[in-house]
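Please read the structure below before turning to the comments.
Keep in mind that what you see is a predicted model, and the values were worked out from it rather than measured. Letters A, B, ... mirror the listed sequences (proteins, then strands); counts begin at 1.
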There are 2 protein chains.
Amino acid sequence: MNSASDSLIETILERMRAEGGRITQKRIRIIQALAEFDHPASADKIRQSAGLAETDLVTVYRNLEALHGIGAVQRIPLENGTQLFELTVPGEHYHHLICRECHQAERLDLCVGKEVLGRAKAHGYSQITHVMEVYGVCKDCDDHS
Amino acid sequence: MNSASDSLIETILERMRAEGGRITQKRIRIIQALAEFDHPASADKIRQSAGLAETDLVTVYRNLEALHGIGAVQRIPLENGTQLFELTVPGEHYHHLICRECHQAERLDLCVGKEVLGRAKAHGYSQITHVMEVYGVCKDCDDHS
DNA sequence: ATGTCTGCAAATCCTTTGCATTTTA
DNA sequence: TAAAATGCAAAGGATTTGCAGACAT
């Protein structure tokens, strides 16, 4: 891709090694696929995007779990009970505007992190994360219906 | 309970009637149980709290869905893929601070709705909703680990 | 060599659906 | 009486687990 995501990928791989994980081809492709997304994606979408259509979804889930375990992936629960996965760049996170119909997703430059963190700490909570995703129907889909 | 929740319950029942729904004993007890909670709860917890231990969970889910349909109940997705339910004043919604370990959830008086709505409309989106939930580990759970 | 990954199958959990029966209005 | 709610059983979908064989270091 580009040098930015390359160095992110390298950082993740190093941490994975440090934690005793192995660097397999599938794992690399999954990380690359995650790095290419600019929005959260489902395990199945990640599998497709990684060119692993023939790979068992279990393997994708296990890799996502392993990545989550080293803090490289964030899980995002949705309204319908499923979850999405997103590569976590230390010190950064994004929110999105997602079309319910065509699933197009645009990044929203909006940050409530600071406020949320303060509030959560005031309640005695630690290890704070937050999820914020905005859903709607985009203009194209609205016109076509 | 008190006059505030009584009037909320009455409002909900009227709305339910207006939509062609029937007012059954179980439905009333489910709404009352929801009204007594000051935080989101699982379908099973709601069933217990409503004194409907013998009632099929399906019935609880269907009632929660019906209430959601008239805007009286909000669904809150958890990180583990399950969901909690909370009574809401029709037209309003809340955000929460949820413990990853004990799943305790408290309401957060914080909403980015206005900002989000403007942003989404500027992008040409309609029928906007948003999910925002904050996850962490509460003090009790942190102490016990 | 040793511990980690992968695949296959089956299990699990929460939630939803189908259909016959009961209840509300 | 007609439409809606309920119960039971079974299905559904996303995710997880067990175990044997394959792979990375």
Heavy atoms from C-beta onward define the side chain here; which of D:dA5, D:dA9, D:dT16 lies closest to that of A:Arg75? D:dT16
Tell me what A:Asp44 touches on the nucleic acid: a base, only sugar-phosphate, or nothing, going by heavy atoms under 4.0 Å. nothing
Can you measure A:Met16 atom CE to D:dT25 atom C1' for me and round it to whole angstrom units? 15 Å
Any donor-acceptor pair under 3.5 Å linking the side-chain atoms of B:His95 with those of A:His130? no
OP1, OP2 of C:dG7 versus side-chain N and O of A:Thr59: anything below 4.0 Å? yes
Protein-nucleotide distance (A:Glu19, atom CD; D:dA24, atom C1'), rounded to Å: 17 Å
Side-chain N,O (B:Arg22) to OP1/OP2 (C:dT23) below 4.0 Å: no
For A:Thr55 and for B:Gly81, find the nucleotide of DNA chain C with the closest heavy atom, then tell me which residue's nucleotide is more 5'. A:Thr55
Which whole-number value in Å describes the distance from B:Glu65 CD to D:dA4 C1'? 15 Å
Would you say B:Arg17's side chain and B:Arg22's backbone share a donor-acceptor pair under 3.5 angstrom? no
For the CD1 atom of B:Ile76 and the NE2 atom of B:His96, what is their distance to the nearest 0.5 Å? 4.0 Å
Please tell me which of the listed nucleotides, D:dT16, D:dT6, C:dC5, lies nearest to the side chain of A:Thr24? C:dC5
What contact category does A:Leu57 fall into here, base, sugar-phosphate, or nothing, at under 4.0 angstrom with non-hydrogen atoms? nothing
Is there a donor-acceptor pair closer than 3.5 Å between any side-chain N or O of A:Arg27 and the backbone N or O of A:Asn63? no
Distance below 4.0 Å between A:Arg27 side-chain N/O and C:dC5 OP1 or OP2: yes
Mapping B:Val58 and B:Gln25 onto DNA chain D by nearest heavy atom, which one lands closer to the 5' end? B:Gln25
Under 4.0 Å from OP1 or OP2 of D:dG7: is there any side-chain N or O of B:Lys26 that close? yes
